[in-house]
Amino acid sequence: MKFGSRDKKLEHGRLVMVNKVTRDWVLTCSKLASFVDYFVDWFSTQLQEDQLVGEWELTPNDTKPFNDKNEVLDTCHKASQFEDVRGDDEERPLFFTMGDRQEPYILSDMADALGVYDYEDNIKVPYVHPTLLFEGSPDGMGRATANKEDILVIEPHTKGHVTVFTPNNLPLEVKGCGVLEAKYQHYGSQRDDCPLTLGRLQAQGLCECADFDWYAVGVQYGNSATHVFVYPRNPLFKVWLEQLVNDFNKRLETLDWYAPINSLGADFIYPTADDTILDLTDNQEIDNLIEEDKVMGRIIKSTSEAKDGVQTRIKILMQENKHAHTPQHQIEWGQRVMKAKPERTKTIPATEEKTIRNKTIKIKERQIND
């Protein structure tokens, strides 16, 4: 890997669009976030048995993956059948484009904050795993020191609008090359930890592909601040990754779905309904589930009614006042203006007919005649 001069890399005036260089039908590092539920379960077991990961803190899964793992499987399967799965660039969400535009600036801030000797941010070829059908393309790569055997000590600190975080807030020693992953957050507040789905699993996978021993995720929060989270390569990650990739590729051959983790996931893998009747008479679980569904429905209705009753009592006490306070709380019951709109005729574009599965199940008591 060739690195350019550090001074020549800081081209602040340019905007670089991030081009996908990995193959669409192969499981890639950027898709690992969709498997975060499996990752958390697997590592929770390993943490009880192996102290090798004691210094590596698992961040709670508080960020929803952009795609479900069955959607990832479906996309790769379609690509393997020569279907176009990339679509039109003009249809990409705006925040993706914003992330592309901010990426070179985030990487530059990361390199400066970490104090790396040099970095590369124009990677045009994928890094292919040496033994697995798995690959990835990092946003950037940083060289810790001029000599790959020398050590760079990264301390947690704040400089300007950039803050560096290390595991357990302790100095972290790194050497050789590391992965630099840039993320742009257009919503939410600043965080002192980095969710697994926000680049961490992706960067860990890139370490396995490129054989690097450390990685950093730089998160720019709108235009307010940039947080850089740096971690050592996890020694157990390669074991999890091998199991995941081999299982995924077996499923890819026959489109063998993963068990859905929620109702929307079930809608995805069973998109249409055959006009048939399934006999579940011998299934001992189904009636128990239906009774549980009824109980949940009653609880939700009761809770909703109780909450509305509380809100109603508060409104009666406040009457026409916008603000109120108690020794413990400030209360606001505001208003908003519904602007006048002229009458207009809305044109609804034509759409092709398609069939989709209903999101809710209808259940009623069965009447059986003796």
Report task. Would you please test Q335 and K322 for side chain to side chain contact (heavy atoms under 4.5 Å, CB included) and show each step? Result -> CA-CA 8 Å; Q335 63 188 17; K322 181 178 180 180; 5.9 Å; no

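- H329 places no side-chain N or O within 3.5 Å of a backbone atom of I331 that could act as its donor or acceptor partner.
- In this structure the side chain of L73 reaches within 4.5 angstrom of the side chain of L255, judged on heavy atoms.
- In this structure, CG in L152 is found 7.5 Å from CG in L114, a value given to the nearest 0.5 Å.
- The two residues T22 and S137 make their nearest non-hydrogen contact at CG2-N, 4.0 Å.
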Query - F35 vs W240, side chain to side chain contact (heavy atoms under 4.5 Å, CB included): CA-CA, chis, key distance, verdict - result: CA-CA 11 Å; F35 299 86; W240 174 80; 4.3 Å; yes

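- Put simply, L201 and V40 are part of the same group of oily side chains (I, L, V, M, F, W, Y) that touch within less than 4.5 Å, one to the next.
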**Report entry** Worked verdict on C207 versus W214 for side chain to side chain contact (heavy atoms under 4.5 Å, CB included)
**Finding:** CA-CA 7 Å; C207 283; W214 60 276; over 6 Å; no

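- At a threshold of 4.5 Å between non-hydrogen side-chain atoms, the residues P232 and L172 count as touching.
- Side-chain contact between L206 and F212 is absent, with no heavy-atom pair separated by less than 4.5 Å.
- V174 and V153 sit in two unconnected hydrophobic clusters of ILVMFWY residues. Membership requires side-chain heavy atoms under 4.5 Å apart, directly or through other members.
- D308 contributes no side-chain N or O that, together with a main-chain N or O of S304, makes up a donor-acceptor pair within less than 3.5 Å.
- A 6.0 Å sphere centred on CG of N223 holds no more than 12 heavy atoms belonging to other residues, nucleotides or ligands.
- Remark: side-chain polar atoms of Q220 are paired, donor with acceptor, to backbone N or O of G222 under 3.5 angstrom.
- For the residue pair Q243 / W42, a side-chain donor-acceptor distance below 3.5 Å is found, with atom types taken as modelled.
- Side-chain contact between I314 and M318 is present, with heavy atoms from C-beta onward closer than 4.5 Å.
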Could you pull out all donor-acceptor pairs under 3.5 Å where a side-chain atom in residues 265-282 meets a protein atom, sequence neighbours excluded?
residue	atom	partner	partner atom	Å
D279	OD1	T281	N	2.9
D279	OD1	T281	OG1	2.4

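- Considering CD of Q102 and OG1 of T226, their distance stands at 8.5 Å, rounded to 0.5 Å.
- Connection of V26 to Y258 is not established within any shared hydrophobic cluster, with ILVMFWY side chains joined at heavy-atom distances below 4.5 Å, either directly or through further cluster members.
- Remark: W333 CH2 to L317 CG distance equals 10.5 Å, nearest 0.5 Å.
- Taking the side chain as every heavy atom from C-beta outward, K294 and L289 never approach each other to under 4.5 Å.
- Classified by interplanar angle (parallel below 30°, tilted 30° to 60°, perpendicular above 60°), the ring pair F43/F237 is tilted.
- For the pair C29/Q204, no side-chain contact is recorded, criterion being any heavy-atom separation below 4.5 Å from C-beta on.
- Checking side-chain atoms of N168 against main-chain N and O of L170 turns up no donor-acceptor pair under 3.5 Å.
- Looking only at side-chain heavy atoms (C-beta outward), L244 and L32 come within less than 4.5 Å of each other.
- Heavy atoms only, all atoms of each residue included: R191 and H227 are closest at O-ND1, 2.6 Å.
- For the pair R143 and Y119, the cation does not sit on the ring face, since its NZ or CZ is not both under 6.0 Å from the ring centre and inside 45° of the axis.
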Report task. May I have the step-by-step check of side chain to side chain contact (heavy atoms under 4.5 Å, CB included) for V72 and L27, ending in yes or no? Result -> CA-CA 8 Å; V72 172; L27 184 62; 4.1 Å; yes

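- Considering every non-hydrogen atom in both V21 and V125, the closest pair reads CG2-C, 4.0 Å.
- Using a 4.5 Å heavy-atom threshold, the side chains of I123 and M141 count as touching.
- The two residues Q190 and S224 come nearest to each other via the heavy atoms NE2-OG, 3.4 Å.
- Contact record, S80 with W25: N-CB, 3.7 Å, taken as the closest heavy-atom pair.
- Note on D37 versus K69: salt bridge recorded, some NZ/NE/NH1/NH2 to OD/OE distance being below 4.0 Å.
- Using modelled atom types, no side-chain atom of S302 and backbone atom of R298 make a donor-acceptor pair closer than 3.5 Å.
- Across all non-hydrogen atoms, the minimal contact from P138 to V179 is CB-CG1, 4.1 Å.
- To the nearest 0.5 Å, atom CE of residue M110 and atom CD of residue E103 are 10.0 Å apart.
- Rounded to the nearest 0.5 angstrom, N169 CG and F165 CZ are separated by 8.0 Å.
- Of the possible polar contacts, one joining the D139 side chain to the A182 backbone as a donor-acceptor pair under 3.5 Å is found.
- Ionic pairing of K183 and E181 is present here: one or more N-O contacts between side-chain nitrogen and carboxylate oxygen are shorter than 4.0 angstrom.
- Summarising the geometry, atom CD belonging to Q330 is positioned 9.5 Å from atom NE2 belonging to H323; distances are rounded to the nearest 0.5 Å.
- Put simply, the side chain of R233 never gets that close to the backbone of D213: no donor and acceptor are under 3.5 Å apart.
- Side chain of S34 to backbone of N67: a donor-acceptor contact under 3.5 angstrom is found.
- Residue L252 is grouped with residue Y38 when hydrophobic side chains (ILVMFWY) are merged at heavy-atom distances under 4.5 angstrom, including chains of intermediate members.
- Proximity of a side-chain donor or acceptor of E120 to a complementary backbone N or O of N122 within less than 3.5 Å is detected.
- Checked by atom type and distance alone, the side chain of H157 pairs as donor or acceptor with a backbone atom of E155 at under 3.5 Å.
- The side-chain tip of R200 does not point at the ring of F229 from less than 6.0 angstrom away and within 45° of straight on.
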